[in-house]
Number of protein chains: 2
Amino acid sequence: MAHKRAANSRSRPVGGETGEAGPGEKALDLSALTEITGYPLRRAQLAVFDDFNRRFASLGLSPAQYSALVAIGDNPGRKQSEIAGALGIQRPNFVAMMDELERRGLAERLRSDADRRSHALALTRSGSELVARARLVQDEQERAIAQLLGPEGRERLVALLRRLAKIE
Amino acid sequence: MAHKRAANSRSRPVGGETGEAGPGEKALDLSALTEITGYPLRRAQLAVFDDFNRRFASLGLSPAQYSALVAIGDNPGRKQSEIAGALGIQRPNFVAMMDELERRGLAERLRSDADRRSHALALTRSGSELVARARLVQDEQERAIAQLLGPEGRERLVALLRRLAKIE
DNA sequence: TATTGTTATACTCTATAACTATA
DNA sequence: TATAGTTATAGAGTATAACAATA
C-alpha cells in the first residue's frame, strides 16, 4: 500500500536540484530551502570550514585558532577579554583556547603591571612564524574561492557577508 | 544550537555582535579576518541563525527543525535516510530529530510495505499547518535581509552561497 | 552480504553561574 | 562593588561503531 499524502503544491521555480542524491536515486526538491538565505549560508559555511580544515591540517590549526592567532598578532598587548570579545567568543571558552596556544608555544599571556588582573596577549616568535605561513595557506583558499566565484564574485560575497554580520 | 534568549521574542533586524568593545575602548584591527571569506561567512551565519531563533521562538522551531519539516513536506514518502542525507545530517543524528517531531505530532514515520526496513516520512496535518505559518515568518526574515542588502544584493548573495556550498 | 533505523558514545562548541584576585 | 580570568557544568551539534531487522 502506497502512502501518498496530498503533495504540497506550492509554486516554486523549476530546476531545484539539491541535496546529495545517491546514484540511482531521484534528487529531492529542496528549492524552498536553497532559495532562502539561511540554508545556503549554513551549507557554504560548513563547506568553507571543511576546506579550511583540510588545508590547515598540516599546520594543526582550526578556524577558531587561526582567527585567535591573527587577532592577537595584529593587536598585541590587548587583554584576553578584548580579544575574546572581538571574536565573539565567551570569555570562559577562550581560556582553554589560550591554554592550548600557550602550551604549543604560539602565544603567551603577559601579566600587566598596570592592572594585575588582566593578561596582555602576544604571539611568540614561533607563533608569528606559524601565522606568516598560515596566511599563505589562507591566501590559497581565497584564490580557490575566487576561481569558483570569479574575483569580483568573491569580493562581492565578502562585502555582502560583512553587511549581514554587521562586522567591520 | 542553544537559544536561551528568554524574555526577548520580538523580532529585530538581522545582525550580530560586532565585536567592538564598550565605550572608551579602541576597536581592534580585525581587517586580516574580515577580508577573507571564512570569517564574515561564519559571523553572518551566526547572525542570521540568531535572528531566525528570535523570529521562530514562538513557533518552537530551530533552523534544523525548520529545514527538516520543509524537506519532508516538499518530499513526502521519502525514506528517513534520504531526507537526512539531503540535509547533510548523519542518519544516527536524525533519529532524535524525528523522535521529537513525531512526539510533537508534526511529522510521522510510515512503515513501507515495499521495504519494511525503511520509514517513509510525511507531515501530519498539524505539521503542514505549522510549516505554512513558518514559511510566512521565514519570508519576513528574507524581507529584512533584502532591506539590509537590497533585493538584488540578497539574490546575488544567495546565488554566490549556493555556488560556494556546491548545492544545486 | 548490504541496507535501514537505531543505540551508545565521544568529542566539540557554546552558554551560564560562581569562584579568586585584584581594582 | 566591579572587573579579569578562571572553573565547573550543562546543553547542543556532530561523528563513528555496532547491533537487529530486513533485503
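Below, all heavy atoms of this structure are taken into account, side chains as well, without hydrogens, waters or symmetry copies. Chain naming here is simple, since letters A, B, ... match the order of the sequence lines and numbering starts at 1 in each.
The CZ-C1' distance, from B:F94 to C:dT6, rounds to 14 Å in whole Å. Atom CD in A:E100 sits roughly 15 Å away from atom P in C:dC11 (whole-Å rounding). Nucleotide D:dG13 holds its C1' atom 13 Å from the CD atom of B:Q65, rounded to whole Å. Rounded to an integer number of Å, the gap from B:N93 CG to D:dA17 P is 14 Å. Whole-Å rounding puts the B:N53 CG to C:dA15 P distance at 11 Å. What separates CZ of B:R78 from C1' of C:dG5 is a distance of 18 Å, to the nearest Å. Distance A:M97 CE to C:dC11 C1': 16 Å, rounded to the nearest Å. Put simply, NZ on B:K79 is 14 Å from P on C:dT6, counting in whole angstrom units.
Crowding of A:R125 atom CZ: a count of heavy atoms from other residues, nucleotides or ligands under 6.0 Å not exceeding 12.
A donor-acceptor distance shorter than 3.5 angstrom exists from the side chain of A:R162 to the backbone of B:T34, with no hydrogens or angles considered.
Of the candidate nucleotides D:dA8, D:dG5, C:dT6, D:dA8 has the atom nearest to the side chain of A:P92.
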Show your working on side-chain hydrogen bond (donor to acceptor under 3.5 Å, both in side chains) between A:Q138 and A:R135 and close with a plain yes or no. CA-CA 5 Å; A:Q138 179 54 41; A:R135 288 196 206 246; over 6 Å; no
Indicate every side-chain donor-acceptor pair of residues 146-158 of chain B with a distance under 3.5 Å to a residue at least two apart or in another chain.
{"from": "B:R154", "atom 1": "NH1", "to": "A:E35", "atom 2": "O", "distance (Å)": "3.3"}
{"from": "B:R154", "atom 1": "NH1", "to": "B:E142", "atom 2": "OE1", "distance (Å)": "2.5"}

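Between A:F56 and A:F52, the ring-plane angle classifies as parallel under the 30° and 60° cut-offs.
Looking at A:R55 and A:D51, a side-chain N of the basic residue comes within less than 4.0 Å of a carboxylate O on the acidic one, giving a salt bridge.
A close approach under 4.0 Å does occur between a side-chain nitrogen or oxygen of B:Q90 and OP1 or OP2 of D:dA15. Taking 4.0 angstrom as the limit, B:R42 places a side-chain polar atom (N or O) nearer than this to OP1 or OP2 of C:dT14.
Listed by residue number, A:R109, A:R117, A:S118, A:H119 are the residues of residues 102-120 of chain A with a heavy-atom contact under 4.0 Å to DNA chain D.
When every heavy atom of B:D29 is checked against every heavy atom of A:D74, the shortest pair comes out as O-CB, 3.9 Å.
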